[in-house]
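Here is the structure we will look at.
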Amino acid sequence: LIPVKTGLSSTFNLNDRERVPNIGFRWEGSIFLTTSGNYAFFTRSDDGSTLWINGTRVVNNDFNQSMTERSGTINLSSGKHDIVVYYRNNSNTSLGLEVRYQGPGISKRIIPSSNFVEDEVNATTLPLPPPPIA
């Protein structure tokens with residue numbers, strides 16, 4: 001699909017959308033971690049979302065659903081890591097996305113923009129095809 005819009009964002013937000021139903025976003029960038037260890041990542045979304053670290057899918061929350069949280073864990077070294085988050089919404093009403101993490105010495109929280117390398121995450125708004133006619 002050809003993106004409707006591209007740009008930079010310091011957080012995973014849905015404010016730059018052009019409509020509510022049948023939208024998709026892709027954020028890609030790098031996250032910097034100061035400590036090595038096991039990290040849990042969480043997405044809470046309405047409808048679907050997935051989170052990838054260094055090319056590995058860590059969270060699969062890609063379902064038609066109301067706000068639902070799912071998580072996954074990965075062992076990471078300190079330093080910079082690629083992060084990609086996909087989000088899609090099929091409904092005409094609700095949408096939502098929250099991205100959190102938890103790790104060594106870090107309680108579960110929204111990933112702060114200060115953890116993103118250069119405080120930027122590339123955001124792409126993708127058009128989604130209309131839902132199939134039943």
Side-chain angles (χ1 to χ4, degrees):
L1 298 172
I2 297 170
V4 171
K5 185 192 295 187
T6 62
L8 299 176
S9 175
S10 62
T11 62
F12 301 103
N13 73 64
L14 303 172
N15 296 334
D16 293 329
R17 68 187 183 280
E18 306 228 346
R19 61 185 188 209
V20 173
N22 302 316
I23 64 165
F25 278 83
R26 180 184 72 212
W27 293 268
E28 56 184 44
S30 298
I31 185 171
F32 186 82
L33 304 172
T34 58
T35 306
S36 298
N38 286 318
Y39 283 82
F41 288 87
F42 308 81
T43 66
R44 184 172 182 254
S45 61
D46 176 350
D47 288 302
S49 58
T50 57
L51 182 144
W52 300 72
I53 301 287
N54 299 330
T56 299
R57 185 174 65 187
V58 178
V59 179
N60 180 16
N61 194 12
D62 192 13
F63 304 94
N64 291 332
Q65 61 194 2
S66 58
M67 285 296 273
T68 302
E69 182 178 85
R70 289 189 173 80
S71 64
T73 59
I74 187 170
N75 190 284
L76 297 171
S77 61
S78 61
K80 183 174 124 177
H81 299 275
D82 295 333
I83 184 169
V84 177
V85 174
Y86 293 98
Y87 170 79
R88 66 172 180 81
N89 181 273
N90 292 342
S91 70
N92 290 321
T93 54
S94 300
L95 64 126
L97 175 69
E98 298 169 357
V99 181
R100 292 182 166 79
Y101 77 150
Q102 179 179 338
I106 302 167
S107 60
K108 182 178 172 182
R109 66 185 71 171
I110 299 282
I111 302 173
S113 61
S114 60
N115 278 84
F116 297 117
V117 175
E118 299 178 8
D119 291 334
E120 295 178 348
V121 177
N122 294 320
T124 304
T125 304
L126 302 172
L128 293 180
I133 298 172

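Counting begins at 1 with the first residue of the sequence.
- Every residue meeting the side-chain contact (heavy atoms from CB on, under 4.5 Å) condition with Thr50, not counting sequence neighbours, appears here in chain and number order: Trp52, Arg57, Asn60, Asp62, Tyr86.
- In terms of modelled atom types and a separation under 3.5 Å, the side chain of Asp47 and the main chain of Gln65 share a donor-acceptor contact.
- Looking at heavy atoms from C-beta onward, Asn54 lies out of side-chain contact with Lys80 at the 4.5 angstrom threshold.
- Between the side chains of Thr68 and Arg70, not a single donor N or O lies within less than 3.5 Å of an accepting N or O.
- To the nearest 0.5 Å, atom CG of residue Leu97 and atom CE of residue Met67 are 7.0 Å apart.
- Separating the CD1 atom in Ile111 from the CD1 atom in Ile106 is a distance of 9.5 Å, to the nearest 0.5 Å.
- Note that NE2 of His81 and OG of Ser30 are 9.5 Å apart. Values are rounded to the nearest 0.5 Å.
- Here CG of Leu51 is found 9.0 Å from CD1 of Ile74. Values are rounded to the nearest 0.5 Å.
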Name each donor-acceptor pair under 3.5 Å that joins a side chain in residues 31-40 to protein atoms two or more places apart or in another chain, with its distance.
unit_1	atom_1	unit_2	atom_2	d
Ser36	OG	Ser78	N	2.8
Asn38	OD1	Asn75	ND2	3.0
Tyr39	OH	Thr35	O	2.5

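- Under the 3.5 Å distance criterion, the side-chain polar atoms of Asp46 are left unmatched by any main-chain donor or acceptor of Asn89.
- Counting heavy atoms from C-beta on, the side chains of Ile110 and Glu98 come closer than 4.5 Å.
- Note that CG of Leu95 is 5.5 Å distant from CD1 of Ile23, once rounded to the nearest 0.5 Å.
- Side chains of Tyr87 and Thr43 form no contact here, defined as non-hydrogen atoms less than 4.5 Å apart.
- Using a 4.5 Å heavy-atom threshold, the side chains of Glu28 and Arg26 count as touching.
- For the pair Phe41 and Val85, the minimum side-chain heavy-atom distance is 4.5 Å or more.
- Here the NZ atom belonging to Lys108 is positioned 14.0 Å from the OH atom belonging to Tyr101, to the nearest 0.5 angstrom.
- Phe116 and Phe42 end up in different hydrophobic clusters when Ile, Leu, Val, Met, Phe, Trp and Tyr side chains are linked at under 4.5 Å.
- Heavy-atom minimum distance, Ser45 versus Ser49: OG-OG, 2.8 Å.
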